[in-house]
Colleague: 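Quick one: the structure is below, and I'll ask about it shortly.
Predicted model, so just to flag it, every value in this text is computed and none were measured.
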Amino acid sequence: MSFPVFAQNAGDAIDAGSTVVVSGIRASLSSSLNTKRMQDGVVDAVSAEDAGKFPDTNIAESLQRVTGVQIQRNNGEGRYISVRGLGPEFNNVLVNGRTLTSDTGGREFSFDLLSSDLISKALVYKTSQAFLPEGGIGSTVDIQTARPLAGKVGHSSVFNLSDSYDTNSKRNTPNASGMYSFANADRTFGVAASLSYTDRASKQNKAVTDAWNYRDVSIINGDLNSKGLTMADVSTKKLYIPQSYGFQQEDETRKRVVGNLTVQYNPSPTWKLSADALYSRLNQENKVIAFSDWNNPVQLGVKYDSNNQITSFLRPGSTFFANNPELAGPGKLLGEVNSNDMIAKGDSRLSITKAFGLNSKWDLGTDWRLEGDVSTSRTSSQSPNMWVVAGMVPKNGDVLTFNGTPGLEFGDGIDDPNAVRAHAVSYGDIRNRDTLHEGRLNLGWNHEIGYFKGFDSGLDYSQREVTHTSWNNDAWNAFSGYHVALPASLFTVTPMDNFLGAGVKVPGAYLSFDPYAYMNYLNQPSLLAQSNDPALYSDKAKYPNGPMAIDYNTPSMWGVKEKVSSLFLNSRWEGSGWSGDAGVRYVHVQSTSTGISRELLSATKSPNDTTFISNWGPMKSTTVDNSYNSLLPSANLKFDLRSDMLLRLGASKTETRPTLNQMGVDNYYGGRFGDVQTGGGNPYLKPMKSNNYDLSYEWYLSKTNYVSAAVFLKHVRDFLETKLVDMRIPQFDEIVHDTRVRNGQKGKIKGLELAGQYAFDTEVRWLQGFGVSANYTYVDASATRESDSTMPVCGYPGLSPQSYNGSLFYENSKFLARISYNWRNHYSVDCGGGSTQPRNRAAYGQADASLRYNITPAISLYADFINLNNARMHEYALTESQFLTLEDVGRRANVGLRMAF
């Protein structure tokens, strides 16, 4: 795929009398600025100053320095980006102009799958142009790897060796990368190859509330010492209540191998060939143990504020149950004893990506050019689906307060291995596969007829298939209810860091356990006899390896196949002091959604818990087809106000197709007595659309320095929202709450961007070597949802009203130093559904720093420091008083040696 390239303006040249050497940070900023200036549309870029010297260890971390770009982190490392307030799925990410598959089952691109060492430049197209693939309402990001014929002639190589240290895990891990490049003297043949290995050991501490729900709460009027209470002492009120509260520790190792190979060959001056191959393997292993209070909607001594939000309550234990028999027992108010749970979660991730591409360019005479491009990409991922619960039934009650960071005082110790009992077990294997084949044929004509300068046209075709397959055991309710005691040997007393600081109690120790050893113990025939249904779970015909084992004979699968055909025509225009383009893109999409799953025949109530035992039937297959057409016009104008000033105008219509993992035909069933939940995919989803308008002013003070301001407006419609529909289905004898994603939301997104960078070179002698760059983005959005009017107000997931970042740097021929701070306002993670409140992420700011010392022109020492201010991620529900998560990831340092030959 080709992108327009324009000649450099004479005004860019540095004064011949200047002694400033453009290298290091200045070289990167200058290259990025030149890319921005030469485009017709609004484009920003991040560039490497040299091979293997991208500005950050993570591509997403570098992109967050682009105006209007914010990132979402996964355990402290950048994974997704949002642009101009629109989340990851709204940003079309390309690698060398080609789409790269994802490990999420959706369209959002995981930037942590790639190493920054192999990247030479990343461009962010904020205004649409007809030659860009459709899909990016927020932006189109093109990540470009090193091109050997664009580099040095002859042989060259770069090696990076470094050591990383994480302050939470207190572990050191190695990292290494190497790059080799060759180009012959006449630049007709070149090879570039790179290999990167990254190892990281980290530890995350979390305080967690799973969700806040707005529901009827039974309030027992008394205290933990009350005796003989009756239903006359119980009142009911609709309140906001936390579903659970507790603490979590997550030990993670993340090992990544990325390789890239590019071969370029020019058989003749008019024919150019290039081939690319990319391999990425990320193995992220997590050991996650959580311990928490599960909060039933029946509590003691409940206090709440004027907003009907619970601020504190007492969570009764078995002693209270025994002292109040009129309330406790089967069929009574207290039908399920409270518990303190220990939960082993599956959060590991193994992702492998392979991509190949072949490109050919021909000059057909002086005016015509032809380009063909074919590529394929495949990503497979595997992760456990694990939620293994053991628990204690406390004798004494717990005290919970919810005012700021919640407080939890356990009435009983939670580190006694002799007090643990069995509970619910869910264990499965999830595998995603994303396969994409695409081809493009572009024809361009350069010809001047007055203001008309030619056109670009093209035909594109792609076929993408995403499949999600899961295998599970059938043991969720086999031991639920805490009626089976467990041996102390399964559990280990583990210390807990007081990461919340003074004033908030965190248990000094808790119990951790190996979930596999725990499930093997329960799978014994002698234990199955104590299960909730011994005849069922001991049946070897249904469970030949026991109910705890994964049943690989009955997979649950959904898949979406998408065929996209498109063509575009983009005309180019230029006059005295102005230039631009105007074009249109036509898109036809045909999708097929397929699902295979067991059919739920019936559900019966568990005897020891408030959940259901499911009766499954044979496998059932379902297929749904869908298709639609789109016409997407776009136009961009650029005016030279002066030789160093530009004004840009842009207008376009763009669309983002629904995330593939939302289009499945799968269904799930869950919940408890009185609150049965169902949901799944929606294969009838339509694309989300936006009409976009842009205005940008840019003043280029030198090759490195500039200031700019931009405003933008997006009219959006058919955006996706989660909608709850109450219905009846034959498997349950009560109302079922069905929650699915549907089109419906519409609204406006408007904003302002301010940016600038300045390197003090010759103006002020004592400031020579210093420089600064900064930008600020303001986004105002309004949304109208078609959901029930009782649903909480929720905007666009990923949209922060304000964000800014700034960097201060100093460099000379020997030394370089930079400190950066990135901040983004609060934003919505998801809008919730049913009685569950939205999930919002609080404002977050992080400081990073880099140092480099050049021992020789070819050898340098460097150090990167991430999260210097030890920032912590905080999430809340409808308001900040509805606490959800506080995550502590600690600080990280990376110290290394770079050698170039």
Colleague: Can you name the side-chain contact (heavy atoms from CB on, under 4.5 Å) partners of D581, sequence neighbours left out?
Modeller: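 side-chain contact (heavy atoms from CB on, under 4.5 Å) list for D581, sorted by chain: D40, Q129, N570, N636.
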Colleague: Answer yes if the side chains of S634 and S652 hold a donor-acceptor pair under 3.5 Å, and no otherwise.
Modeller: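 Side-chain D/A pair, S634 to S652: absent.
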Colleague: Quick one: list whatever passes side-chain contact (heavy atoms from CB on, under 4.5 Å) with D718, sequence neighbours left out.
Modeller: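 side-chain contact (heavy atoms from CB on, under 4.5 Å) check on D718 returns K686, N743.
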Colleague: Using 30° and 60° as the class limits, which term best fits the ring planes of Y804 and W823: parallel, tilted or perpendicular?
Modeller: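 Ring orientation of Y804 relative to W823: parallel.
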Colleague: Would you check if S773 and R65 make a side-chain contact, meaning some heavy-atom pair closer than 4.5 Å?
Modeller: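 The answer is no, as the side chains (C-beta and beyond) never meet within the 4.5 Å cut-off.
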Colleague: Search all heavy atoms of N626 against all heavy atoms of L685 and return the closest pair with its distance.
Modeller: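 So the two residues come closest at ND2-O, 3.3 Å.
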Colleague: Indicate the atoms forming the closest heavy-atom contact of W578 with D640, along with that distance.
Modeller: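 Shortest heavy-atom separation between W578 and D640 comes out as N-OD2, 4.5 Å.
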Colleague: When you compare the side chain of I137 with that of F719, does any pair of heavy atoms fall below 4.5 Å?
Modeller: yes
Colleague: Contact between P133 and N92 at the side-chain level, heavy atoms closer than 4.5 Å - yes or no?
Modeller: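 Yes; the side chains approach each other to less than 4.5 Å.
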Colleague: Hey, could you give me the NE2/OG distance between H588 and S630, rounded to the nearest 0.5 Å?
Modeller: 10.5 Å
Colleague: Should L63 and F111 count as side-chain neighbours, where that means a heavy-atom distance under 4.5 Å?
Modeller: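 In contact.
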Colleague: With sequence neighbours left out, what residues match S202 under side-chain hydrogen bond (donor to acceptor under 3.5 Å, both in side chains)?
Modeller: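 Partners of S202 by the side-chain hydrogen bond (donor to acceptor under 3.5 Å, both in side chains) criterion, ordered by chain and then number, come out as Q204.
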Colleague: Side chains of Y706 and L701: closer than 4.5 Å at any heavy-atom pair?
Modeller: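 When only atoms from C-beta onward are counted, L701 and Y706 do not touch, as no gap falls below 4.5 Å.
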Colleague: S194: what forms a side-chain contact (heavy atoms from CB on, under 4.5 Å) with it, not counting sequence neighbours?
Modeller: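 If we apply the side-chain contact (heavy atoms from CB on, under 4.5 Å) test to S194, skipping adjacent residues, the hits are L118, M179, N260.
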Colleague: Please test Y827 against R841 for side chain to side chain donor-acceptor pair (under 3.5 Å), starting from the C-alpha separation and ending with a verdict.
Modeller: CA-CA 5 Å; Y827 65 93; R841 189 162 294 180; 3.2 Å; yes
Colleague: Could you tell me if the side chain of S32 sits less than 4.5 Å from the side chain of D44, heavy atoms only?
Modeller: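 With C-beta onward as the side chain, the pair stays apart.
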Colleague: Side chain to side chain donor-acceptor pair (under 3.5 Å) between N775 and E753: does it pass, once the steps are laid out?
Modeller: CA-CA 7 Å; N775 60 65; E753 295 178 339; over 6 Å; no
Colleague: Should S128 and N692 be marked as a side chain to side chain donor-acceptor pair (under 3.5 Å) after you check the CA-CA gap, both sets of side-chain angles, and the distance that decides it?
Modeller: CA-CA 9 Å; S128 182; N692 315 291; over 6 Å; no
Colleague: Quick one: does T198's side chain get under 4.5 Å of E77's, heavy atoms only?
Modeller: no
Colleague: By side-chain hydrogen bond (donor to acceptor under 3.5 Å, both in side chains), which residues pair with S571, not counting sequence neighbours?
Modeller: W573
Colleague: How would you list, by chain and number, every residue that makes a side-chain contact (heavy atoms from CB on, under 4.5 Å) with H874, sequence neighbours excluded?
Modeller: A842, Y876, E880, F883, L886
Colleague: Is any side-chain heavy atom of V779 closer than 4.5 Å to one of P801?
Modeller: no
